[in-house]
Amino acid sequence: MDKNFHEAVLKLVKQIPEGKVTTYGEIAREITGSVHAARAVGQAVATNPYPIVVPCHRVVRSDGDIGGYSLGVDKKIRLLSAEGAEIKGRKVLNFEQRLFLFDCI
DNA sequence: CCCATGACTAATT
DNA sequence: AAATTAGCCATGG
């Protein structure tokens, strides 16, 4: 198995500071260089790594939508709210402002 | 190698 | 603003 991709994703996700979020596209661009690899990124985290150990709940969609979560979207919203991120329905408020970008993409 | 699937994205209608 | 289409990538059967 080539865990390289999976591991790379987890590594980046772990770097997301509390209260901040990032998008699947950014992670994809950081690893593969293609923003369209976002699906692959989704697959990587969807296989349920270590919940909470890896803050996968800080990964949202490019348009500010929550996206999904292994433990349920509700749990994701809960966690984000607990970190100070306001959630409206399925969207993150001021999401672009809380967006955490990796070192010079 | 081919096919189907998914926590995606961008563009179009 | 919501729904559809098309593109792109890794994984598993």
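This is a predicted model, so every value here is computed, not measured. Proteins come first, then strands; the chains are lettered A, B, ... in the order of their sequence lines, and each starts at number 1.
Nucleotides C:dC8 and B:dG6 place their C1' atoms 12 Å apart, quoted to the nearest Å. Between the C1' atoms of C:dG13 and B:dC1, the separation comes to 13 Å (whole Å).
Taking 4.0 Å as the cut-off between side-chain N and carboxylate O, A:Glu83 and A:Arg58 count as a salt-bridged pair.
The distance between atom CD1 of A:Ile31 and atom C1' of B:dT9, rounded to the nearest whole Å, is 16 Å. One atom, CD1 of A:Ile27, and another, P of C:dC9, lie 17 Å apart when rounded to the nearest Å. Here the P atom of nucleotide C:dC9 and the CZ atom of A:Arg29 are 14 Å apart, to the nearest Å. Whole-Å rounding puts the A:Asp65 CG to C:dA3 C1' distance at 15 Å. Atom CG of A:Asn4 is separated from atom C1' of C:dC9 by 15 Å (rounded to the nearest Å). Separating the CZ atom of A:Phe95 from the P atom of B:dC8 is a distance of 13 Å, rounded to the nearest angstrom. The distance between atom NE2 of A:His36 and atom P of C:dG7, rounded to the nearest whole Å, is 11 Å.
For the residue pair A:His57 and A:Leu80, the shortest heavy atom distance occurs at O-CD2, 3.3 Å.
With A:Lys88 contributing its side chain and A:Leu93 its backbone, the two residues share no donor-acceptor pair below 3.5 Å. The backbone N or O of A:Ser34 lies less than 3.5 Å from a partner atom in the side chain of A:Thr32, making a donor-acceptor pair.
For A:Lys91, the NZ atom sits in a packed shell: over 12 heavy atoms of surrounding residues, nucleotides or ligands are nearer than 6.0 Å.
Put simply, A:Ser62 has a side-chain N or O that comes within less than 4.0 Å of OP1 or OP2 on B:dT9.
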Name the pairs: protein N/O against N/O of nucleotides 4-7 of chain B, kept only if under 3.5 Å.
| unit_1 | atom_1 | unit_2 | atom_2 | d |
| --- | --- | --- | --- | --- |
| B:dG6 | O4' | A:Gln43 | NE2 | 2.6 |
| B:dG6 | O6 | A:Arg39 | NH1 | 3.1 |
| B:dG6 | N3 | A:Gln43 | NE2 | 3.0 |
| B:dA7 | N6 | A:Val45 | O | 3.2 |
| B:dA7 | N6 | A:Ser70 | OG | 2.8 |
| B:dA7 | N3 | A:Tyr24 | OH | 2.6 |
| B:dA7 | N3 | A:Gly68 | O | 3.2 |

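Contacts of A:Ser81 classified as side chain to side chain donor-acceptor pair (under 3.5 Å), with partners at least two apart in sequence or in another chain: none.
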